[in-house]
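Step one of this worksheet: look at the structure below.
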Protein chains: 2
Amino acid sequence: MSRTESRGTGFIPVSPPTLADVAERAGVSRQTVSNAVNNPDLLRPGTLERVREAIEEMGYSPNRAARNLRTRSSQLIGLRVLPAQEGTANAMMDRFVHTLVDTSAEAGYHVLLFAGDNDDPVGGYDHLLRATAVDAFVVTDTYLGNPQAAWLTEQRAPFVAFGRPWDQPQATHPWVDVDGAAGTRLATEHLIEKGHTRIAWIGWRKDSPIGEDRRAGWLGAMHDAGHPTTGLASRVEDTVQSGAEAAAVLLDESAPTAFVCASDTLAMGVLHTLWIRQLAPGRDIAVVGFDDSQVAQVFPVGLTSVRQPLEDVAVAIVRALESLLGHVHEPNPGVLLTPTLAVRESS
Amino acid sequence: MSRTESRGTGFIPVSPPTLADVAERAGVSRQTVSNAVNNPDLLRPGTLERVREAIEEMGYSPNRAARNLRTRSSQLIGLRVLPAQEGTANAMMDRFVHTLVDTSAEAGYHVLLFAGDNDDPVGGYDHLLRATAVDAFVVTDTYLGNPQAAWLTEQRAPFVAFGRPWDQPQATHPWVDVDGAAGTRLATEHLIEKGHTRIAWIGWRKDSPIGEDRRAGWLGAMHDAGHPTTGLASRVEDTVQSGAEAAAVLLDESAPTAFVCASDTLAMGVLHTLWIRQLAPGRDIAVVGFDDSQVAQVFPVGLTSVRQPLEDVAVAIVRALESLLGHVHEPNPGVLLTPTLAVRESS
DNA sequence: GCTGGCTCCTTGATCGTTCCAATCCACCGG
DNA sequence: CCGGTGGATTGGAACGATCAAGGAGCCAGC
């Protein structure tokens with residue numbers, strides 16, 4: 001009963017060969033072909049060879065849906081995408097997603113994107129979970145008060161977070177994060193080494209633990225070096241405009257010679273103010289941003305910026321996912337990676 | 001035979017309810033529940049109500065794998081992601097992908113990302129196709145000589161291309177593209193309106209049909225206005241450095257008062273040269289870029305840029321996919337959309 | 001009263017794979 | 001010669017949904 005023959009009639013697309021087709025051709029049973037694919041060690045070398053030839057000749061690939069149904073797994077990892085933010089410098093997700101896709105592929109997984117909805121933060125997760133459409137999630141927006149991590153834990157859904165559980169220190173889910181404080185410390189120490197003593201900080205509002213973390217790096221480095229910090233810190237919204245205004249105020253009131261910013265967006269604001277005041281970035285005033293965005297890279301006066309090791313983050317996340325899905329209990333659920341500093345002309 | 005009871009023992013995660021579970025609870029057959037989900041019109045209102053209640057109470061969602069197996073479709077759309085390019089201004093894929101995910105979701109599809117490999121341009125496609133892991137593809141990198149479109153056509157795989165089949169005018173696959181020439185024409189006419197007559201062009205090498213298309217828009221607008229173009233065009237690599245050098249040469253030799261560029265990356269190069277020469281963008285020399293990247297948006301002197309309607313592109317692509325997968329024959333396979341101009345201080 | 005047609009619902013088969021238990025076979029020691 | 005052993009292979013069942021037929025039940029019409 002050759003199925004390809006009975007089906008391959010004219011325009012109707014020929015359906016791909018199945019296990020049974022391959023089995024018939026190789027003169028073995030379905031299960032043997034299945035084993036050849038999944039547990040080659042179980043076959044005698046000769047048989048394996050024969051089956052492999054048949055697979056090759058027929059261009060066989062196991063049907064995903066059937067395998068998923070039987071094994072109750074989809075080999076898919078869900079990643080929620082948020083609305084693209086216009087007017088900010090940050091397009092780092094590109095880098096992260098690409099490595100995530102690459103690394104997942106090596107581990108035998110694909111990445112499934114689904115839409116996020118701020119009104120219903122767990123809706124998308126719920127649907128995919130109940131339909132067993134994905135095996136696990138990667139959660140990237142672990143901002144304060146985000147219910148996703150708690151909800152997923154409650155549902156016993158496997159997931160790995162990009163970002164520490166700031167507001168839930170008792171959380172036990174695996175996470176991977178970048179040590180923001182280490183990044184800003186790196187930036188500040190770099191500036192101190194260049195001879196700066198009055199280094200200002202422009203960061204986010206106090207309710208952002210990520211922002212406070214980054215601020216702590218600047219503060220720590222300044223304290224360690226014995227430099228003053230009073231009047232040198234500012235906390236604003238993450239927009240170019242806010243950064244520009246904060247820089248203007250700081251320049252007027254505290255005469256800093258360098259700026260460390262919580263984001264490239266804010267740094268662009270600083271550069272804007274310098275531009276207006278005819279101050280040359282790097283020569284007159286040093287500026288360091290955060291995220292090493294494309295903006296930092298192509299800006300005429302290259303912007304020195306803290307670069308998150310997003311590739312390493314993605315790799316660590318996939319590792320965590322693997323041990324999670326392989327039912328290997330990982331004793332230490334948290335991974336903290338250290339960023340680097342991309343030094344350019346602005347410092 | 002209550003399955004949830006027999007399974008929900010202690011730590012073992014309770015498997016989601018199945019069609020049969022819901023059917024038992026609602027006192028109907030499996031098929032009736034299936035119809036309640038997929039063809040509600042077939043049920044009597046009372047029955048439908050009853051089944052819906054059962055579905056609601058049990059939190060039932062159809063198992064994706066089972067449905068996929070039976071219907072021979074995955075409700076997944078494959079999108080190949082390319083390595084993130086560093087040092088260029090362009091992160092427009094973010095915007096595109098997000099809308100694609102949103103629009104696909106409305107049409108009942110999810111987006112599956114898979115890794116691209118330059119050595120094996122069709123490898124990823126081939127695997128997913130043979131495993132019937134996706135229903136269709138969105139092909140974004142339709143550069144010259146790219147074998148994917150032809151290969152997919154040959155395999156009778158459903159796909160929609162973002163980008164015209166430049167080198168294969170006889171291709172019949174559906175595609176959606178942005179009219180680059182219209183964009184640069186818009187940019188050039190905008191500058192002409194501002195009183196400029198010596199408007200220079202900085203574009204890509206001649207072997208890029210997209211680049212030549214964009215160049216044609218500038219050329220056409222200049223001709224129509226009766227302005228000279230000789231010595232005002234330059235073709236270079238798509239890097240900041242090349243853009244800067246080209247701008248320097250053009251300024252020295254042809255004294256343009258404005259630049260239209262094939263990309264924001266090149267425009268950044270122009271701005272670099274202006275910066276060095278102490279020329280103020282927008283006041284002394286006008287500059288227009290292409291893509292409305294984040295760089296254009298956050299640059300201190302906002303960069304006027306041609307903005308591709310990526311949201312509309314994504315919507316059109318999903319429409320095309322729908323009619324493709326619904327076996328509706330679309331007589332006109334090509335959709336050409338017109339970009340807009342995001343005017344900022346640089347012009 | 002029987003038929004035909006309609007609406008509403010049910011039953012058995014099927015999609016292509018992997019799990020499970022059984023079978024086959026060669027080899028070995030007693 | 002027989003039972004035990006263990007590796008290689010097999011056939012049936014199951015995963016959970018939809019498809020394709022096939023009933024009930026009801027009503028109109030002759």
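The chains referred to below are lettered A, B, ... by the order of the sequence lines, with proteins before strands, and numbering in each begins at 1. In this text, all values refer to a predicted model and were calculated from it rather than measured experimentally.
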- Note on the structure: Heavy atoms of A:L310 and A:F96 approach each other most closely as O-CD1, 3.9 Å
Distances under 3.5 Å only, N/O to N/O: pair up the protein atoms with those of nucleotides 10-12 of chain D.
{"unit_1": "D:dT10", "atom_1": "OP2", "unit_2": "A:S29", "atom_2": "N", "d": "2.9"}
{"unit_1": "D:dT10", "atom_1": "OP2", "unit_2": "A:S29", "atom_2": "OG", "d": "3.0"}
{"unit_1": "D:dT10", "atom_1": "OP2", "unit_2": "A:T32", "atom_2": "OG1", "d": "2.6"}
{"unit_1": "D:dG12", "atom_1": "N7", "unit_2": "A:R30", "atom_2": "NH2", "d": "3.4"}
{"unit_1": "D:dG12", "atom_1": "O6", "unit_2": "A:R30", "atom_2": "NH2", "d": "3.1"}

- Query: OP1 or OP2 of C:dT17 sitting under 4.0 Å from any side-chain N/O of A:R64?
  - Reply: no
- Note on the structure: Nearest heavy-atom contact between A:P174 and A:F159 is CG-O, 3.6 Å
- Item | Residue pair B:T132, B:S74: steps toward the side chain to side chain contact (heavy atoms under 4.5 Å, CB included) verdict | CA-CA 7 Å; B:T132 54; B:S74 62; over 6 Å; no
- Item | Inter-end axis angle, the helix from C:dG1-D:dC30 to C:dG30-D:dC1, with every axis fitted to five base pairs (rounded, 10 degrees) | 60°
- Query: Step by step, would you call B:D177 with B:V335 a side chain to side chain contact (heavy atoms under 4.5 Å, CB included)?
  - Reply: CA-CA 6 Å; B:D177 205 355; B:V335 176; over 6 Å; no
- Query: What is the distance, rounded to the nearest whole Å, between atom CG of B:L69 and atom C1' of C:dA13?
  - Reply: 13 Å
- Message: Let's go through B:Q155 and B:L129 carefully: what are the C-alpha distance in whole Å and the side-chain angles of both, what is the deciding distance for side chain to side chain contact (heavy atoms under 4.5 Å, CB included) to 0.1 Å, and is it a yes or a no?
- Response: CA-CA 9 Å; B:Q155 306 284 320; B:L129 198 56; 3.9 Å; yes
- Quickly work out the A:L19 CG to D:dT9 P distance and round it to whole Å. 16 Å
- Task: Keeping the roles fixed (side chain from B:R80, backbone from B:P121), state whether a donor-acceptor pair exists under 3.5 Å.
- Result: yes
- Task: For B:N68, check side-chain hydrogen bond (donor to acceptor under 3.5 Å, both in side chains) against everything at least two apart and list the hits.
- Result: none
- Query: Rounded to the nearest Å, what distance is computed from the CE atom of residue A:M58 to the P atom of nucleotide C:dG16?
  - Reply: 13 Å
- Counting just side-chain N and O atoms, does B:R70 come under 4.0 Å of either OP1 or OP2 of D:dC19? no
- Message: Between P on C:dT11 and CD on B:E24, what's the gap in Å once rounded to a whole number?
- Response: 13 Å
- Message: Tell me if a side-chain donor or acceptor on A:N35 pairs with a main-chain N or O of A:L42 at a distance below 3.5 Å.
- Response: no
- Item | Residue pairs fulfilling salt bridge (Lys or Arg N to Asp or Glu O under 4.0 Å) with at least one residue in residues 26-41 of chain B, sequence neighbours excluded | none
- Task: Return no unless some side-chain N or O of A:R67 is found under 4.0 Å from OP1 or OP2 of C:dT18.
- Result: yes
- Query: What integer distance in Å separates B:N63:CG from C:dT17:P?
  - Reply: 17 Å
- Message: For a quick check of understanding: with a heavy-atom distance under 4.0 Å over all strands, which category does A:N38 fall into, base, sugar-phosphate or nothing?
- Response: sugar-phosphate
- Query: Is there a donor-acceptor pair under 3.5 Å between the side chain of A:Q75 and the backbone N or O of A:G108?
  - Reply: yes
- Message: So if I take residues 39-54 of chain B and measure heavy-atom distances to DNA chain D, which residues fall below 4.0 Å?
- Response: none
- Message: If the cut-off is 4.0 Å, is A:S34 near the phosphate of C:dT17, judged by side-chain N/O to OP1 or OP2?
- Response: no
- Using the salt bridge (Lys or Arg N to Asp or Glu O under 4.0 Å) rule, collect all pairs that involve residues 42-57 of chain B, keeping only residues at least two apart or in two chains. B:R25-B:E57
